[in-house]
There are 2 protein chains.
Amino acid sequence: MIDFERECDVCEELCEHPQNICLAKADAISDEEAQLVAETFKLLGDTTRLKILHALSKRELCVCDIAAVVQMGQSAVSHQLRLLRGSRLVKYRKEGKMVWYSLDDEHISSLLQQGIEHIRHT
Amino acid sequence: MIDFERECDVCEELCEHPQNICLAKADAISDEEAQLVAETFKLLGDTTRLKILHALSKRELCVCDIAAVVQMGQSAVSHQLRLLRGSRLVKYRKEGKMVWYSLDDEHISSLLQQGIEHIRHT
DNA sequence: TTAATACATGAACAGTTATTCATATGTTGA
DNA sequence: TCAACATATGAATAACTGTTCATGTATTAA
């Protein structure tokens, strides 16, 4: 139970609705969490990466196969894979000179699917 | 049933794995869909917008309340709201000189929640 | 060892994006 | 009609992002 009269430091003046603001602040996500979540969504927010992730959600692929599927240069794909690796959205295993990529968990696959469903129902 | 021997136009040379590529191409999302989905995720991929959407997922808020909650200028918030409006992630209703914003559907709220849960389990 | 292959990476560049500032629009109450 | 207020928006700018090109590393086979 929070005493909003005391808790809230922006509860005066103009159009602002103290109660709303205080309540909203009370259950806002932290800056750090917002940052992390945004970072994840940002990675999903690029056509190339989205196609890569979608392809990987179906099967494990090596880099040059990914490049063939998304029709991009190997370098461009490698750069994107580095970002995806960095945020643990994908994992990889080496086999000789090849590297096989796959999604790191099905959580991602589920997010992806939900995004697709969203645009299909709009 | 697809005849991959005939269907696939990139099934030769180097490291590429014809079967994988052809299968992946077969169930790839279209460029247009990928574009749309990416666009949605891109909107979720910014800290300011994410905070706005998260706040709106709890309750309807007017512009200056949003500005107070996310601690941004009114102008910055308005600009972001325009983007969110444009992709129908939020809806609004006017009441006198104020405008009240809320999420357009709970689909968004659910995506948001899933994103938050993702980073909490990593 | 050497050449070929698969992948990674740094630098550079072009395109995009988020914020700020100034100003415009529209509503309300005096 | 005017002043105050809530919101929207155009322009400018700084920061960021994605691709390409050149090159580097590691692995394999000859």
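It should be emphasised that the depicted structure is a prediction, and the values quoted were computed from it without experimental measurement.
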Between protein and nucleic acid, restricted to nucleotides 7-11 of chain D and to nitrogen or oxygen atoms under 3.5 Å apart, what atom pairs and distances do you find?
| residue | atom | partner | partner atom | Å |
| --- | --- | --- | --- | --- |
| D:dT7 | OP1 | B:Val63 | N | 3.3 |
| D:dT7 | OP1 | B:Val99 | N | 3.3 |
| D:dT7 | OP2 | B:Cys64 | N | 3.0 |
| D:dA8 | OP1 | B:Tyr101 | OH | 2.7 |
| D:dA8 | OP2 | B:Ser78 | OG | 2.8 |
| D:dA8 | N7 | B:Gln74 | NE2 | 2.9 |
| D:dT9 | OP2 | B:Arg85 | NH2 | 3.2 |
| D:dT9 | O4 | B:Ser75 | OG | 2.6 |
| D:dG10 | O6 | B:His79 | NE2 | 2.8 |

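Spacing between atom CD1 of A:Ile52 and atom P of C:dA8 amounts to 11 Å, rounded to whole angstrom units. Atom-to-atom, CG of A:Leu61 to P of C:dA6 comes out at 15 Å; the value is rounded to the nearest Å. Rounded to whole Å, atom C1' of C:dA8 lies 15 Å from atom CG of A:Leu84. Between A:Leu43 atom CG and D:dC16 atom P the separation is 16 Å, expressed in whole Å. When rounded to the nearest whole Å, the span between CD1 of B:Ile66 and P of C:dT19 equals 14 Å. Put simply, CG on B:Leu44 is 15 Å from P on C:dT17, counting in whole angstrom units. With rounding to whole Å, B:Phe41 atom CZ is found 17 Å from C:dT17 atom P. What separates CG of A:Leu83 from P of C:dG10 is a distance of 12 Å, to the nearest Å.
Within the 3.5 Å criterion, the main-chain N or O of B:Ala34 finds no donor-acceptor partner in the side chain of B:Asp31. Listed for the A:Ser78 side chain is no donor-acceptor partner under 3.5 Å among the backbone atoms of A:Ser75. Using modelled atom types, one side-chain atom of B:Asp65 and one backbone atom of A:His17 make a donor-acceptor pair closer than 3.5 Å. In terms of modelled atom types and a separation under 3.5 Å, the side chain of B:Asn20 and the main chain of A:Leu61 share no donor-acceptor contact.
Between A:Lys42 and D:dT17, a side-chain N or O to OP1/OP2 separation shorter than 4.0 Å is present. Within the structure, a side-chain polar atom (N or O) of B:Arg49 is placed less than 4.0 Å from OP1 or OP2 of C:dA18. Contact between the side-chain N/O atoms of A:Gln80 and the OP1/OP2 oxygens of D:dT19 is found at a separation under 4.0 Å.
Taken together, the cysteine pair A:Cys15 and B:Cys62 keeps its SG atoms at least 2.5 Å away from each other.
Nearest-nucleotide positions on DNA chain D for A:Glu95 and A:Met72 put A:Met72 closer to the 5' end.
At a cut-off of 3.5 Å, with distance as the only test, no side-chain donor of A:Tyr101 or A:Arg93 sits close to an acceptor on the other residue.
Under the 4.5 Å side-chain heavy-atom criterion for ILVMFWY residues, no single connected hydrophobic cluster contains both B:Met98 and B:Tyr92.
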